[in-house]
Amino acid sequence: MNGKTVWLGSWKVRQGDQIEILQPPKSKRPTAVHFDPNWLVADEGDLIVVSKPAGLLSQATQAGGEDNLLSLAVKFFGSEVRLFHRLDRDTSGLCLLTRPGPVNAYLDAAFKQRLVRKEYLALVSDPGQLDAEGQLRLYLSVHDKRRDMMQVVERGGQFSMTDYRRVGEFGSGWLIWLRPHTGRTHQLRVHLAYLDAPIIGDRLYGGLKAERLMLHAERIVLPETGDFPSREWVRRAEFSPPG
């Protein structure tokens, strides 16, 4: 303001003042500039299975301008490839891409009928209120104060369900196996935080600070139906033990 730096949001502006807005420094987070062949789990013609790294968008946002899995895959495999389902930017693991053909209708029906089995691994610093195993059935809605977060609600919201199991200790933390039956935004992150076991690296829901969110989609199983056999893929998580 008039050549001086002003930090107060309540600073009064008067006619004739000269205002200069400084842009915040750009994030130094490295972004992928090409599709890494090591991400490829399987290429079965109609269906491509890749393991998305943490920190990479699944597809472009409305703002655009950032690298994302879909655009990198199109450059690598060709323009006919489409992303069939997404993972959060901070979550790593298995994603399905398809080429044109009957597989798209098959997958669409399988996902809508909740016949696709997806399994995740999460790393938490403390098991909190998690039993040895159990099932969470909760309703979720957008947070009252933050649009980029979700919260558990008693009324309204969308139904969500997750099976979980404590796998065992891992370093100074715990590995948790998760199987979501629904696909709500941040579902697994909110469910674990609700039981006082936020995922390590989860800056939104109170997880221990880490270089990445320790949540990985490690297994996906497609059902046998019609002309399509059951298919299964696994890509293990590469977590570093906390502490």
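Residue indices begin at 1 and follow the sequence shown.
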Return a table of donor-acceptor pairs under 3.5 angstrom between the side chains of residues 48-55 and protein atoms on other chains or two or more places apart.
from: Lys52; atom 1: NZ; to: Leu56; atom 2: O; distance (Å): 2.8
from: Lys52; atom 1: NZ; to: Asp88; atom 2: O; distance (Å): 3.3
from: Lys52; atom 1: NZ; to: Arg89; atom 2: O; distance (Å): 3.0
from: Lys52; atom 1: NZ; to: Thr91; atom 2: O; distance (Å): 2.8

- Item | Smallest separation among heavy atoms of Val142 and Gln151, with atom names | O-NE2, 3.5 Å

- Report whether Leu195 and Tyr139 are members of the same hydrophobic cluster (ILVMFWY, side-chain heavy atoms less than 4.5 Å apart, transitive linking). no

- For Asp227, does the CG atom sit with more than 12 other heavy atoms under 6.0 Å from it, leaving out its own atoms? no

- Any side-chain heavy-atom pair of Leu213 and Tyr205 under 4.5 Å: no

- Between His191 and Tyr164, does any side-chain donor sit less than 3.5 Å from a side-chain acceptor? no

- Side chains of His186 and Met149: closer than 4.5 Å at any heavy-atom pair? no

- Task: Treating Ile, Leu, Val, Met, Phe, Trp and Tyr as nodes and any side-chain heavy-atom pair under 4.5 angstrom as an edge, say whether Trp233 and Tyr120 lie in one connected cluster.
- Result: no

- Do the non-hydrogen side-chain atoms of Tyr106 and Pro223 ever get within less than 4.5 Å of each other? yes

- Task: Identify the two heavy atoms, one from Ala197 and one from Leu130, that lie closest to each other, and give their separation to 0.1 Å.
- Result: CB-CD1, 3.8 Å

- Evaluate the side-chain proximity of Asp90 to Arg203: yes if any heavy-atom separation is below 4.5 Å, no if none is. yes

- For His143 and Arg146, the nearest pair of non-hydrogen atoms, with its separation, is CB-O, 3.1 Å

- side chain to side chain contact (heavy atoms under 4.5 Å, CB included) assessment of Arg82 paired with Leu97: CA-CA 5 Å; Arg82 61 169 289 195; Leu97 299 105; over 6 Å; no

- Query: Does the Arg184 side chain pair with the main chain of Phe159, one donor and one acceptor, at a distance under 3.5 Å?
  - Reply: yes

- Message: Any non-hydrogen side-chain atom of Leu107 less than 4.5 Å from a side-chain atom of Leu47?
- Response: yes

- Side chains of Trp177 and Asp163: does their closest heavy-atom pair fall under 4.5 Å? yes

- Message: Please say yes or no: joined through hydrophobic side-chain contacts below 4.5 Å, possibly via intermediate residues, are Phe111 and Phe228 part of one cluster?
- Response: yes

- Item | Nearest atoms (heavy-atom pairs only) where Ser141 meets Gly157 | CB-CA, 4.1 Å

- CZ (Arg231) with more than 12 external heavy atoms under 6.0 Å: yes

- With sequence neighbours left out, which residue pairs that include part of residues 91-117 fulfil the salt bridge (charged side-chain N to carboxylate O under 4.0 Å, His left out) condition? Asp43-Arg99, Asp108-Lys112, Arg117-Glu119

- Separation between CG of Leu57 and CD of Gln59, rounded to the nearest 0.5 Å: 9.0 Å

- Task: Kindly check if the number of other-residue, nucleotide or ligand heavy atoms within 6.0 Å of CD (Glu232) is above 12?
- Result: yes

- Message: Please give me the minimum heavy-atom distance between Asp196 and Pro198, naming the atom from each residue.
- Response: C-CD, 3.4 Å

- Task: Look at the side chain of Ser160 and the backbone N and O of Thr182, then say whether any donor-acceptor pair between them is shorter than 3.5 Å.
- Result: no

- Message: Has Ser230 got a side-chain atom pairing as donor or acceptor with Leu222's backbone, closer than 3.5 angstrom?
- Response: yes

- Any side-chain heavy-atom pair from Leu140 and Gln158 closer than 4.5 angstrom? no

- Item | Same cluster (ILVMFWY, side-chain, under 4.5 Å), Leu40 and Val81 | yes

- Can you sort out the partners of Phe239 under side chain to side chain contact (heavy atoms under 4.5 Å, CB included), two or more places apart, ordered by chain and number? Leu121, Leu123, Phe170, Leu175, Arg212, Met214, His216, Ala237

- Can you check whether Leu69 reaches Phe35 side chain to side chain, under 4.5 Å on heavy atoms? yes

- Checking side chain to side chain contact (heavy atoms under 4.5 Å, CB included) for the pair Leu192/Leu215: CA distance, chi angles, key distance, verdict? CA-CA 11 Å; Leu192 290 181; Leu215 178 62; over 6 Å; no

- Do His85 and Ile220 pass the side chain to side chain contact (heavy atoms under 4.5 Å, CB included) test, and can you show the C-alpha distance, the side-chain angles, and the key distance before you say yes or no? CA-CA 12 Å; His85 71 107; Ile220 188 165; 4.1 Å; yes

- Task: Count the heavy atoms of every other residue, nucleotide or ligand shown that sit under 6.0 Å from CZ of Phe77, and state whether that count exceeds 12.
- Result: yes

- Query: Looking at Asn68 and Ala60, what are the two nearest heavy atoms and their distance?
  - Reply: CG-N, 3.4 Å

